[in-house]
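Below, each value reflects all heavy atoms present in this structure, side chains not excepted, and no hydrogens, waters or symmetry copies.
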Amino acid sequence: MKILVLADEESKSLYEYFSPEKIKGVDLIISCGDLKASYLTFFATFSHAPLLYVKGNHDGHYEERPPEGCVCIEDDIFVFRGVRILGLGGSMEYIPGADNQYTERRMERRIKKLWWKLKKNKGFDILVSHAPAYQINDMQDLPHQGFECFKDLMDKYLPKYFIHGHVHANYGGGFKREDTYGKTRVVNAYEYYIFDYPENGEQAAQ
């Protein structure tokens with residue numbers, strides 16, 4: 001299964017110079033946040049693939065005008081072709097009371113509320129977030145610091161992939177497109193990236 005992931009910055013190559021050939025064969029599109037609603041609507045319109053999204057820390061405008069033809073997977077598990085996809089958007093809280101910003105404790109509470117969905121689906125295969133996990137491709141400043149509880153989730157459920165945004169390639173050294181944490185492949189979706197999810201015809205691990 002070919003997955004296109006998006007985050008943080010619009011791609012001139014895909015958007016301004018769009019050609020159907022550039023997303024040919026893409027089965028699923030996932031946005032990790034901080035993109036205009038109209039940008040996501042564009043891809044939902046010109047692709048046959050479902051478009052799933054979580055919110056970034058700059059996506060408060062989605063409340064008034066959400067992306068059309070897209071599926072918000074915040075605090076939910078979306079199953080596509082047997083692949084279980086868990087969505088947890090937002091960033092570390094650096095402006096008290098701001099939309100889509102969470103303290104570590106509040107993010108932990110969000111995860112605890114998912115206990116039934118996690119039990120019902122017997123875990124998940126892909127974790128989709130806006131922020132990274134703590135000390136995995138995150139940064140030392142509070143706005144770009146990752147969540148420790150994301151590591152706890154991966155330790156417990158061993159997902160195949162963790163996809164996030166929030167850390168831009170132009171922030172300087174340390175940017176990694178891909179990394180690993182235990183048995184989980186970590187992908188930074190900044191701008192865009194396409195990868196193959198290994199279905200191999202087997203059912204998702206239980």
- Message: I need the minimum non-hydrogen distance between Gly97 and Glu93, along with the two atoms involved.
- Response: N-OE2, 3.5 Å
- Query: From Glu21 CD over to Ser19 OG, what is the distance, rounded to the nearest 0.5 angstrom?
  - Reply: 5.5 Å
- Item | With sequence neighbours excluded, residues passing side chain to side chain donor-acceptor pair (under 3.5 Å) with Glu9 | Tyr190
- Message: Between Leu6 and Tyr53, does the side chain to side chain contact (heavy atoms under 4.5 Å, CB included) criterion hold? Intermediate values first, please.
- Response: CA-CA 9 Å; Leu6 313 165; Tyr53 72 90; over 6 Å; no
- Hydrophobic cluster identity match, Phe42 and Ile29, side-chain contacts under 4.5 Å: yes
- Going from CD on Gln145 to CD on Gln140, what distance comes out if it is rounded to the nearest 0.5 angstrom? 9.0 Å
- Task: Supply the atom-to-atom distance Leu88 CG to Cys32 SG, rounded to the nearest 0.5 angstrom.
- Result: 11.5 Å
- Task: Give the C-alpha distance, both sets of side-chain angles, the deciding distance and a yes or no for side chain to side chain contact (heavy atoms under 4.5 Å, CB included) between Asn121 and Leu86.
- Result: CA-CA 10 Å; Asn121 288 280; Leu86 171 61; over 6 Å; no
- May I ask whether Ile30 and Tyr193 are part of the same hydrophobic cluster, defined by side-chain heavy atoms of I, L, V, M, F, W, Y residues being less than 4.5 angstrom apart, directly or through others? yes
- Under the 3.5 angstrom rule, does the side chain of Arg110 hit a backbone N or O of Gly89 as a donor-acceptor pair? yes
- Message: With a 6.0 Å cut-off on the ring centroids, do Tyr161 and Tyr197 count as close?
- Response: yes
- For the hydrophobic clusters of this structure (ILVMFWY residues joined by side-chain heavy atoms under 4.5 Å, transitively), does one cluster hold both Leu158 and Phe150? no
- Message: On a heavy-atom basis, which atom in Ala37 and which in Tyr62 lie closest, and how many Å separate them?
- Response: N-CE1, 3.8 Å
- dist Thr103:OG1 -> Leu142:CG (nearest 0.5 Å) comes out at 10.5 Å
- Is there a side-chain contact between Leu14 and Leu4, using heavy atoms and a 4.5 Å cut-off? yes
- Message: Between Ser11 and Tyr39, is the side chain to side chain contact (heavy atoms under 4.5 Å, CB included) condition met? List the steps.
- Response: CA-CA 10 Å; Ser11 167; Tyr39 186 70; 3.7 Å; yes
- Query: What residue among Lys176, His164, Glu178 forms side-chain contact (heavy atoms from CB on, under 4.5 Å) with Val186?
  - Reply: His164
- Query: Can you list the residues that meet the side chain to side chain donor-acceptor pair (under 3.5 Å) rule with Lys156, with sequence neighbours excluded?
  - Reply: none
- Message: Around atom NZ of Lys22, are there more than 12 heavy atoms from other residues, nucleotides or ligands closer than 6.0 Å?
- Response: yes
- Can you get from Leu35 to Tyr192 by hopping between Ile, Leu, Val, Met, Phe, Trp and Tyr side chains that sit under 4.5 Å apart? yes
- Query: Would you say Asp138's side chain and Gln135's backbone share a donor-acceptor pair under 3.5 angstrom?
  - Reply: yes
- Query: Closest heavy-atom contact between Gly69 and Ala44?
  - Reply: O-CB, 3.7 Å
- Query: Got a sec, which residues hit side chain to side chain contact (heavy atoms under 4.5 Å, CB included) with Glu104, two or more places apart in sequence or on another chain?
  - Reply: Met92, Glu108, Phe147, Glu148, Cys149
- Query: Got a second to check how far Ser38's OG is from Tyr15's OH, nearest 0.5 Å?
  - Reply: 4.5 Å
- Message: Quick one about Asp155 and Tyr181 (side-chain donor to acceptor, distance below 3.5 Å, no hydrogens or angles considered), yes or no?
- Response: yes
- Contacts of Glu63 meeting salt bridge (Lys or Arg N to Asp or Glu O under 4.0 Å) (sequence neighbours excluded), chain-then-number -> Lys55
- Query: Any donor-acceptor pair under 3.5 Å linking the side chain of Asp179 with the backbone of Ile136?
  - Reply: no
- Do Phe175 and Asn170 come within less than 4.5 Å of each other through their side chains, counting heavy atoms only? no
- Any sub-3.5 Å donor-acceptor pair from Lys151's side-chain atoms to Ala133's backbone N or O? no
- Task: Under the salt bridge (Lys or Arg N to Asp or Glu O under 4.0 Å) rule, collect the residues that match up with Asp141, sequence neighbours excluded.
- Result: none
- Message: Can you confirm whether Phe124 sits close enough to Leu153 that some side-chain heavy atom of one is under 4.5 Å from a side-chain heavy atom of the other?
- Response: yes
- Item | Nearest heavy atoms of Pro50 and Leu28, plus distance in Å | O-CD1, 3.6 Å
- Message: Strictly below 4.0 Å, N to O, side chains only: are Arg84 and Asp125 in salt-bridge contact?
- Response: yes
- Message: Would you say that Pro20 contacts Phe46 through its side chain, given a criterion of any heavy-atom pair below 4.5 Å between the two side chains?
- Response: no
- Could you tell me whether the side chain of Ile3 reaches within less than 4.5 Å of the side chain of Ile126, counting heavy atoms only? yes
- Task: May I ask you to test the Val128-Val5 pair for a side-chain heavy-atom distance under 4.5 Å?
- Result: no
- Message: Do Leu127 and Thr184 make a side-chain contact, defined as non-hydrogen atoms from C-beta onward lying under 4.5 Å apart?
- Response: no
- Message: Quick check against the 3.5 Å criterion: does Thr41 have a side-chain atom that pairs as donor or acceptor with the backbone of Glu68?
- Response: yes
- Under 3.5 Å donor-acceptor, Asp59 side chain and Asp34 backbone: yes
- Glu16 CD: over 12 foreign heavy atoms closer than 6.0 Å: yes
- Query: How about Arg65: does its CZ atom have over 12 heavy atoms from other parts shown lying under 6.0 Å from it?
  - Reply: no
- Note on the structure: Correct closest heavy-atom pair for Ala131 and Ser91 would be CB-CA, 4.0 Å
- Using the test side chain to side chain donor-acceptor pair (under 3.5 Å), find all partners of Asn57 that sit at least two apart in sequence or belong to another chain. Tyr94, His130, His166
- Are Val71 and Leu40 connected, step by step, through hydrophobic side chains (Ile, Leu, Val, Met, Phe, Trp, Tyr) whose heavy atoms are closer than 4.5 Å? no
- Query: Counting only N and O atoms by type, is there a donor-acceptor contact under 3.5 Å from the side chain of Lys117 to the main-chain atoms of Asp75?
  - Reply: yes
- Message: side chain to side chain contact (heavy atoms under 4.5 Å, CB included), that's the test. Do Phe195 and Ile163 meet it? Break it down for me.
- Response: CA-CA 11 Å; Phe195 65 91; Ile163 306 167; 3.8 Å; yes
- Query: Is the closest side-chain heavy-atom distance between Phe43 and Cys70 below 4.5 Å?
  - Reply: no
- Calculate, to the nearest 0.5 Å, the distance between atoms CD and CE belonging to Gln101 and Met107 respectively. 10.5 Å
